[in-house]
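Bear in mind that the values here come from a model prediction, so they are computed numbers and not experimental data. We name chains A, B, ... by the order of the sequence lines, and we start the count at 1 in each one.
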There are 2 protein chains.
Amino acid sequence: MKGIRRLAEHLSISIGTVSRALNGRPDVNEATRRRVLDAAAELGYVPNQAGRTLRQGTTNAVGFMMEAGADTSGNPDNFFFGVFDGVQAVLSRHQLDLVVLPCATDEDPTEYLRRMIARRLVDALIISATHRKDPRVELLNKAHVPFIALGRTGTPSDHPWIDLDFEGVANRAVDRLVAKGHRSIAVAVPSSDINLGVIFLQAYKEALARHGIAFDQSLVIYTSSSEQGGYQAAHELIGMAQRPTAILLVYELMAIGFYRGLRDAGLNPGQDVAVIAFRESPLSRFLSPALTCFRVSLRDVGIGLGESLLASMPAYADIYPQGIVRRVWPMELVEGDSDNARSS
Amino acid sequence: MKGIRRLAEHLSISIGTVSRALNGRPDVNEATRRRVLDAAAELGYVPNQAGRTLRQGTTNAVGFMMEAGADTSGNPDNFFFGVFDGVQAVLSRHQLDLVVLPCATDEDPTEYLRRMIARRLVDALIISATHRKDPRVELLNKAHVPFIALGRTGTPSDHPWIDLDFEGVANRAVDRLVAKGHRSIAVAVPSSDINLGVIFLQAYKEALARHGIAFDQSLVIYTSSSEQGGYQAAHELIGMAQRPTAILLVYELMAIGFYRGLRDAGLNPGQDVAVIAFRESPLSRFLSPALTCFRVSLRDVGIGLGESLLASMPAYADIYPQGIVRRVWPMELVEGDSDNARSS
DNA sequence: GACAGTTTCGTAAACGTTTACGACGCTATA
DNA sequence: TATAGCGTCGTAAACGTTTACGAAACTGTC
């Protein structure tokens, strides 16, 4: 005899009552409820999840899909782990667990997601590394799985999302550089079709326009979001006919490679070329020169994701009545020494 | 009508036959099997996991537990993602999925694991960030959940594990530094009770002894495994009465902070203080000077973990007959410019 | 043509829960 | 005292699978 039956037999009551007692139903005597709770603790009983799931169609878990091979891999793990922590802080309030679903590099993300949905391992999903055209959105909509995206797609009105405020970053970064006398500002964005790059580039263009600076396509460097990508960016920048005096890097890891690339050519980052990057990480202050960058509380982003996701789940919608959430998350400028004024 | 019943009705055969056809049982006509497979594809049928789990007691998923707050967080995510990729390569051969279970920073890892075991979300587990005394081992043994640890504990004979060859690293690093004329070699290890530090420190002592160098406790710097920790290590090293001419760093991220700390004091890493670190990452070659460090194929480690885990699962033991696996994984020296010969 | 053996398939039980439904005993009211 | 209402609990069905068991049809052998 196992499971709830054992518990019921041990207490000489029916399994129905045991179940109701454990689940906090009102129609059970407080005295018996206490007996059940005590016995459960004593016998170490925990309800079998498969049984519950089968009966109620709910798994009490939400998934976070990520792609190791995606162009977000430039992010130190602190990025995702920080977000996880915030998400869990919200989920744990409702006895929900977070499981991370890593899509293997050699598997198609959409197929992977399809399988995960079919598996019914989780009740709801968070997807990350959104692309401009992301078939996963349609997949999730069709399957009626509540979800939220960390990052916008090309059709942001089709789904709930939370994204970082890349527009704000581009604006403030350009403003700051222009104020310091820079007129020729390069930008390094990921060469993949990850949406972040597109959004940032657009905002960069508009920021330039505000200052009456003509957009120059040749100042856009498409590269990988890694140290290697930063190194390559430096190489390209140095090779330009008119060398830009400043550059924006979308990933802080690129700064390491960029610094190195500059130095290998006898140039000094921060002096010969001003650098602004995001996101802030422990890295930023320990590079020399310290990196001017933008900070965001990943835990807060995670909390936002968690609450917004619950809001889109029928069972929790009344507790989180914010409806469909689509918002950008502000980032805060962190001044470093990498973007000093133009020397000449 | 839903699920397998719908499929059976659509084909006018029994659900038993449908199930057998889908699961590759031999006692089903090849023609009907084909019909079933086709219909399943057409109707988009995938078996409900809760139903299967309930019936066969198996979830077809294995878990990877990690702690965001643990002292391994110094690792760039490439570390774990690389490992995941290898694990998945093995698991996918058997239709098994990998789910990552991130323990929140404010939750006790052992309690978290207990909950995850009770939940029966997965058939087997990989645990990481092992401590000297790690109650999770006993927990898993008692629950009879097949598992393997990435990292040794203080009682390594109690469980299967795979770990990096820290002894080999310590040996070769010390040999190399000694060969270049260094006699005063500091070491920075994590201040937490994560087992890695203990193992490495022990191997470092023995390597020194082989060269007839007395172990000096004051040359051991306990710090956090992060850029900040590296910076602090530099600070401590500079403050020593007799400044060591070399240092071993257990995490490559520490090198960034260490370099900075040295430079803030007017010293040059690689010249004034030789540095060797592990693990190699993209970071290593783009730092200046390039970091001498040790490389390991994370994917291979993941493959090793996956195969060894399957070997300890009754259902797969005949396919992977290697028994209980306890082994260290070799690491390969990558020469950089951070550990040049002693100048004086 | 009887019989054994094989192939193929249907039937129904089982996995561990939750929950709708109804039964029972008790209290309070008329 | 009859009745209604309430609190408490037991019964049994249902969730979607897999699989043991047995039945039916077919094959081949003597």
Side-chain angles (χ1 to χ4, degrees), chain A residues 1-37 39-40 43-61 95 115 117-123 143 315, chain B residues 1-37 39-40 43-61 95 97 115 117-123 143 314-315:
Chain A
M1 181 91 43
K2 280 171 21 181
I4 204 173
R5 287 216 154 63
R6 187 160 111 82
L7 199 53
E9 182 161 291
H10 180 255
L11 291 166
S12 305
I13 56 180
S14 78
I15 61 170
T17 302
V18 172
S19 176
R20 280 187 297 264
L22 290 172
N23 291 23
R25 286 294 143 90
D27 56 345
V28 47
N29 188 300
E30 273 310 316
T32 55
R33 186 197 303 280
R34 181 138 299 281
R35 284 183 58 218
V36 171
L37 255 28
L43 298 189
Y45 167 79
V46 273
N48 178 300
Q49 186 60 42
R52 315 188 67 172
T53 299
L54 192 53
R55 173 63 220 232
Q56 8 184 53
T58 182
T59 67
N60 297 320
Q95 336 273 26
R115 212 174 69 232
I117 293 175
R119 236 176 164 297
R120 291 188 186 290
L121 194 71
V122 294
D123 295 331
Chain B
M1 180 92 42
K2 279 169 26 180
I4 204 174
R5 287 216 153 66
R6 189 161 110 80
L7 199 52
E9 181 161 292
H10 180 253
L11 290 166
S12 304
I13 57 182
S14 79
I15 61 170
T17 302
V18 172
S19 176
R20 281 187 296 265
L22 291 172
N23 291 25
R25 287 294 142 90
D27 56 344
V28 47
N29 187 300
E30 272 312 316
T32 57
R33 185 194 305 279
R34 180 138 302 281
R35 282 183 58 219
V36 171
L37 256 29
L43 299 189
Y45 168 79
V46 274
N48 178 303
Q49 185 60 40
R52 316 188 66 172
T53 299
L54 192 54
R55 172 65 221 232
Q56 12 185 49
T58 182
T59 67
N60 298 319
Q95 338 272 24
D97 275 310
R115 211 174 71 232
I117 293 174
R119 234 176 166 297
R120 292 191 183 288
L121 194 72
V122 295
D123 296 332

Under 4.5 Å between any side-chain heavy atoms of [X] and [Y], yes or no?
{"X": "Leu11(A)", "Y": "Arg35(A)", "result": "yes"}
{"X": "Arg120(B)", "Y": "Asn48(A)", "result": "yes"}
{"X": "Gln49(B)", "Y": "Leu121(A)", "result": "no"}

Point to revise | Counterpart residues, side-chain contact (heavy atoms from CB on, under 4.5 Å), relative to Ala143(A) (two or more places apart) | key: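 Only Ile117(A), Val145(A) meet the side-chain contact (heavy atoms from CB on, under 4.5 Å) criterion with Ala143(A).
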Practice item. Tell me, please, which residues at least two apart from Ser14(A) pass side-chain contact (heavy atoms from CB on, under 4.5 Å). Key: Thr17(A)
Review point. For the side chain of Arg52(B) and the backbone of Pro47(B), is there at least one donor-acceptor N/O pair under 3.5 Å apart?
Key: no
Review point. 5'-most contact on DNA chain D: Ile15(A) or Thr32(A), nearest heavy atom basis?
Key: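 Its nearest nucleotide being more 5', the pick is Thr32(A).
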Practice item. Extract, from 5' to 3' on DNA chain D, the first and final nucleotides lying under 4.0 angstrom from some heavy atom of chain B. Key: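 Listed 5' to 3', the contact boundaries are dG16(D) to dA20(D).
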Practice item. For the helix from dG1(C)-dC30(D) to dA30(C)-dT1(D), figure out the bend between the end axes, five pairs an end, and round to 10 degrees. Key: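 About 60° separates the two local helix axes.
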Practice item. Taking side-chain hydrogen bond (donor to acceptor under 3.5 Å, both in side chains) as the test, write out the residues that go with Asp123(A), two or more places apart. Key: Thr58(A), Thr59(A)
Practice item. Indicate, with a heavy-atom threshold strictly under 4.0 Å, whether Gly3(A) touches base, sugar-phosphate, or nothing. Key: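 Contact class for Gly3(A): sugar-phosphate only.
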Check your understanding: How would you list, by chain and number, every residue that makes a salt bridge (charged side-chain N to carboxylate O under 4.0 Å, His left out) with Arg119(A), sequence neighbours excluded?
Key -> Asp97(B)
Check your understanding: Of the residues in residues 18-27 of chain A, which ones touch DNA chain D at a heavy-atom distance under 4.0 Å?
Key -> Arg20(A), Asp27(A)
Point to revise | Summary of side chain to side chain donor-acceptor pair (under 3.5 Å) pairs that have at least one residue in residues 2-12 of chain B, sequence neighbours excluded | key: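 Applying side chain to side chain donor-acceptor pair (under 3.5 Å) to every pair that reaches into residues 2-12 of chain B, excluding sequence neighbours, yields nothing.
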Without placing hydrogens or testing angles, list every side-chain donor-acceptor pair under 3.5 Å for residues 21-32 of chain B, not counting sequence neighbours.
{"unit_1": "Asn29(B)", "atom_1": "OD1", "unit_2": "Ala31(B)", "atom_2": "N", "d": "2.7"}
{"unit_1": "Glu30(B)", "atom_1": "OE2", "unit_2": "Arg33(B)", "atom_2": "NE", "d": "3.1"}
{"unit_1": "Thr32(B)", "atom_1": "OG1", "unit_2": "Asn29(B)", "atom_2": "O", "d": "2.8"}

